There are 2 protein chains.
Amino acid sequence: MTAEVEPPVRPTLEDVAAVAGVSRATVSRVINGATTVDPALRTVVEEAVATTGYVPNRAARSLVTRRTDSVALVISERERRPDSEPFVGRMFSDPYFGRVVGGLLEVLRPAGIQMVLMLADDEASRNQLLSYLRHGHVDGVVLVTSHADDPLPGLLEDTRLPAVLAGRPPRPSSLAYVEVDQQAGARLAADHLAALGRRRIGTISGPQDRPAGQVRLAGFLEALAAHGIEDVACAEGDFTHLGGAAAMRRLLAEQPGLDGVFIASDLMALGALPVLLRAGRDVPSDVAVVGFDDSSAAAACDPPLTTVRQPVEEMAAEMARLLLKQIGGPGGPSPSVVFPPTLVRRQSA
Amino acid sequence: MTAEVEPPVRPTLEDVAAVAGVSRATVSRVINGATTVDPALRTVVEEAVATTGYVPNRAARSLVTRRTDSVALVISERERRPDSEPFVGRMFSDPYFGRVVGGLLEVLRPAGIQMVLMLADDEASRNQLLSYLRHGHVDGVVLVTSHADDPLPGLLEDTRLPAVLAGRPPRPSSLAYVEVDQQAGARLAADHLAALGRRRIGTISGPQDRPAGQVRLAGFLEALAAHGIEDVACAEGDFTHLGGAAAMRRLLAEQPGLDGVFIASDLMALGALPVLLRAGRDVPSDVAVVGFDDSSAAAACDPPLTTVRQPVEEMAAEMARLLLKQIGGPGGPSPSVVFPPTLVRRQSA
DNA sequence: TTGTAAGCGTTATCAC
DNA sequence: GTGATAACGCTTACAA
């Protein structure tokens with residue numbers, strides 16, 4: 001006959017109040033840092049909290065404050081076709097995602113805010129998501145979208161919920177966003193290749209229907225032009241490993257005499273480097289390669305990749321801060337923030 | 001003079017009840033699918049729900065049911081040293097993670113369960129996490145841990161919370177886990193290399209302090225022995241891209257005559273293939289390569305990687321199901337589930 | 001400065 | 001089968 005396991009009883013405000021010899025209200029004030037509490041009493045209450053091991057009940061608090069102390073991290077991906085491979089979230093395979101999560105948590109965790117991970121990858125999930133958001137189940141939203149024709153930024157804007165985007169949205173929006181100065185980054189790459197004396201330059205761009213893809217390409221071409229380099233071969237990639245490899249092949253076919261390449265993401269560079277190698281080009285002596293992101297892939301490349309660094313963790317932390325500010329004060333959407341990139345020199349250029 | 005924006009008022013049970021001409025209690029019963037409701041009334045209520053656009057308030061519900069309708073997805077990573085690069089979550093960069101998330105959501109989403117993403121990467125965050133869990137802020141936990149000496153499985157077990165592990169824990173535990181049959185997977189690789197007529201075989205193993213690393217290696221060696229192949233070169237990797245490249249160099253140095261390699265993760269294979277290429281070995285004609293995982297990296301490899309497939313999405317979905325079952329019924333921890341692997345033939349072997 | 005008391009929107013326990 | 005009514009644990013006027 002085994003003893004029934006007693007479920008541990010969680011102390012309530014009432015319990016703490018009893019121990020401290022004060023009222024529920026006073027304990028609540030101490031917990032919430034109200035200034036109107038006698039310092040002596042405050043100490044007594046704090047001790048009572050410690051001895052009882054009290055932790056507020058989020059549901060009860062949420063019920064009255066109408067805040068949830070949680071935000072949604074929404075990953076919006078293009079709909080996968082029914083005939084495609086099981087599920088392969090492209091966003092999740094990108095090292096970028098982990099850096100974003102890390103940066104967000106750096107700010108949210110100390111603030112006691114939880115992060116609910118949500119996926120929007122088709123009409124149904126999008127509707128479910130919006131309904132969830134509209135019904136106040138989270139206090140705010142961080143949206144990471146990877147495709148240009150995503151209706152979600154617009155729909156999100158309509159909800160008037162506090163929200164911050166990772167990167168400038170394809171279509172103008174009043175939502176705040178945080179991104180790196182793409183043009184400046186592209187210029188860093190161009191200046192570096194030019195400084196190395198490379199003149200027969202090519203580039204693997206990102207998707208041209210996305211701002212990051214467009215601006216990096218335009219900025220790169222513009223900066224090269226300033227160096228008197230006009231005739232630049234270009235192949236469009238899709239920011240994936242595989243896409244980078246394919247683009248590199250096209251680029252080599254078009255311009256075999258290449259001596260420098262700017263690849264608009266490290267992940268694409270990771271795919272492109274073996275193609276160069278296999279085509280008999282040494283990197284960097286034959287072809288200098290500059291990537292973009294400074295993701296974990298950059299250091300894993302062979303040779304290690306010279307690349308334009310986006311401070312993704314800091315950017316994500318800033319997104320969290322902007323969001324918390326919006327949630328705290330009803331001052332409307334916050335201004336966007338643009339971070340400066342830096343060039344990280346490794347061995348590929 | 002702009003009109004003040006009226007915050008949309010969310011309908012409550014009371015409102016629905018008024019519209020339907022019944023009591024709160026009846027509406028609640030309908031919402032929760034109680035059988036003891038007059039079918040006619042049920043219809044009336046359902047219409048009222050539709051016209052009012054009612055959605056239950058989670059906080060209020062949670063307060064009384066003592067359930068949160070959310071589970072934690074906990075990523076436990078080794079503590080990053082203070083002197084290391086900013087934050088680079090290794091788990092997040094692994095395509096494996098995204099597949100897990102996808103599989104979990106496949107089950108959790110229809111069940112209306114939210115997924116809170118939490119990180120445990122040092123003592124402090126671990127304590128905060130445990131306190132959070134113990135205080136009933138989630139109904140259950142899915143734990144993904146990447147290091148052998150992780151105390152979290154043990155600590156989690158002590159909380160007696162419903163929990164499921166991704167992969168067998170390093171130390172025996174009563175917690176349920178879901179994993180692929182590692183040994184069978186390794187055997188598939190060995191049999192395939194042997195069938196190709198390869199005899200001078202090497203392997204890049206996973207970390208030997210982790211079950212997945214150990215079992216894949218032992219299983220591989222054992223299966224090769226059954227084919228009469230005993231002298232197998234081995235280099236230990238760490239399941240990362242970079243680690244795979246380094247291990248491949250060591251392996252080539254030790255055994256230049258290699259004609260077949262089993263690499264215990266696709267990510268490591270991604271790093272190893274360029275090393276082979278650079279060393280002048282053609283894949284697969286000189287060296288046949290078999291990976292493990294069938295991650296998105298496998299298809300991105302050049303040449304595309306023959307690999308042992310783990311059905312990660314299905315495994316994750318099963319984890320979610322086990323967890324929901326534990327949450328639903330107090331029948332103690334569920335049994336673990338082991339999935340069969342399959343060999344996916346591409347071009348590398 | 002502190003306490004009292006009124007909700008917040010549900011579910012659950014009763015009578016009816 | 002249905003409807004009052006009492007919790008659930010917290011914050012917050014308002015009163016003292």
Side-chain angles (χ1 to χ4, degrees), chain A residues 7-46 48-49 52-70 112 132 134-137 139 327-328, chain B residues 7-46 48-49 52-70 112 114 132 134-137 139 328:
Chain A
V9 186
R10 268 184 68 180
T12 70
L13 265 190
E14 195 71 55
D15 300 328
V16 181
V19 171
V22 297
S23 74
R24 262 210 315 279
T26 301
V27 179
S28 176
R29 290 187 189 105
V30 171
I31 298 286
N32 295 295
T35 51
T36 64
V37 176
D38 184 302
L41 262 192
R42 169 181 297 278
T43 313
V44 175
V45 170
E46 278 165 351
V49 167
T52 53
Y54 171 79
V55 171
N57 178 315
R58 287 176 94 94
R61 172 180 279 177
S62 176
L63 186 54
V64 43
T65 61
R66 281 135 188 302
R67 297 203 353 190
T68 64
D69 287 339
S70 67
Y132 183 80
R134 270 196 277 264
H135 287 95
H137 292 313
D139 300 334
I327 292 172
Chain B
V9 186
R10 267 185 68 180
T12 71
L13 265 190
E14 194 72 54
D15 301 327
V16 181
V19 171
V22 297
S23 75
R24 260 206 321 273
T26 300
V27 180
S28 177
R29 290 189 189 102
V30 172
I31 298 287
N32 293 293
T35 51
T36 64
V37 176
D38 185 304
L41 262 192
R42 169 181 298 278
T43 313
V44 175
V45 170
E46 278 164 351
V49 167
T52 54
Y54 171 80
V55 169
N57 178 316
R58 285 176 96 94
R61 174 179 277 176
S62 177
L63 186 55
V64 46
T65 60
R66 279 135 188 301
R67 297 203 353 190
T68 64
D69 287 338
S70 67
Q114 297 309 318
Y132 183 79
R134 269 196 278 265
H135 287 96
H137 292 313
D139 299 335

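Computed from a prediction, not measured in an experiment: that's the story for all the values here. Within every chain, numbering begins at 1; the chains are lettered A, B, ... in the order of the sequence lines, protein sequences first and strands thereafter.
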Test log, rule side-chain contact (heavy atoms from CB on, under 4.5 Å), inputs A:V45 and A:V22: CA-CA 8 Å; A:V45 170; A:V22 297; 4.0 Å; yes

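Looking at heavy atoms from C-beta onward, B:V49 lies out of side-chain contact with B:V30 at the 4.5 angstrom threshold. Within the 4.5 Å cutoff, the side chain of A:H137 has no heavy atoms near those of the B:Q114 side chain. Taking 4.5 Å as the limit, some side-chain heavy atom of A:I31 sits within range of a side-chain heavy atom of A:R61.
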B/S/- contact track for nucleotides 9-16 of chain C, protein heavy atom under 4.0 Å: BBBBB---

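The interatomic distance linking B:R67 (CZ) with D:dC8 (P) rounds to 19 Å, in whole Å. The distance between atom CZ of B:R58 and atom P of D:dC10, rounded to the nearest whole Å, is 20 Å.
With hydrogens and angles disregarded, a donor-acceptor distance shorter than 3.5 Å links the side chain of A:R10 to the backbone of A:V55. Without hydrogens or angle criteria, B:T52 side chain to B:A48 main chain gives a donor-acceptor distance under 3.5 Å.
Residues satisfying the side chain to side chain donor-acceptor pair (under 3.5 Å) test with B:D69, not counting sequence neighbours, are B:R67.
The two atoms that bring B:Y54 and B:V16 nearest to each other are CB-CG2, 3.4 Å, heavy atoms only.
Note that the two end axes of the helix from C:dT1-D:dA16 to C:dC16-D:dG1 enclose an angle of 40°, each drawn from 5 base pairs, rounded to 10 degrees.
Within the structure, every side-chain polar atom (N or O) of B:S23 is placed at least 4.0 Å from both OP1 and OP2 of D:dT2.
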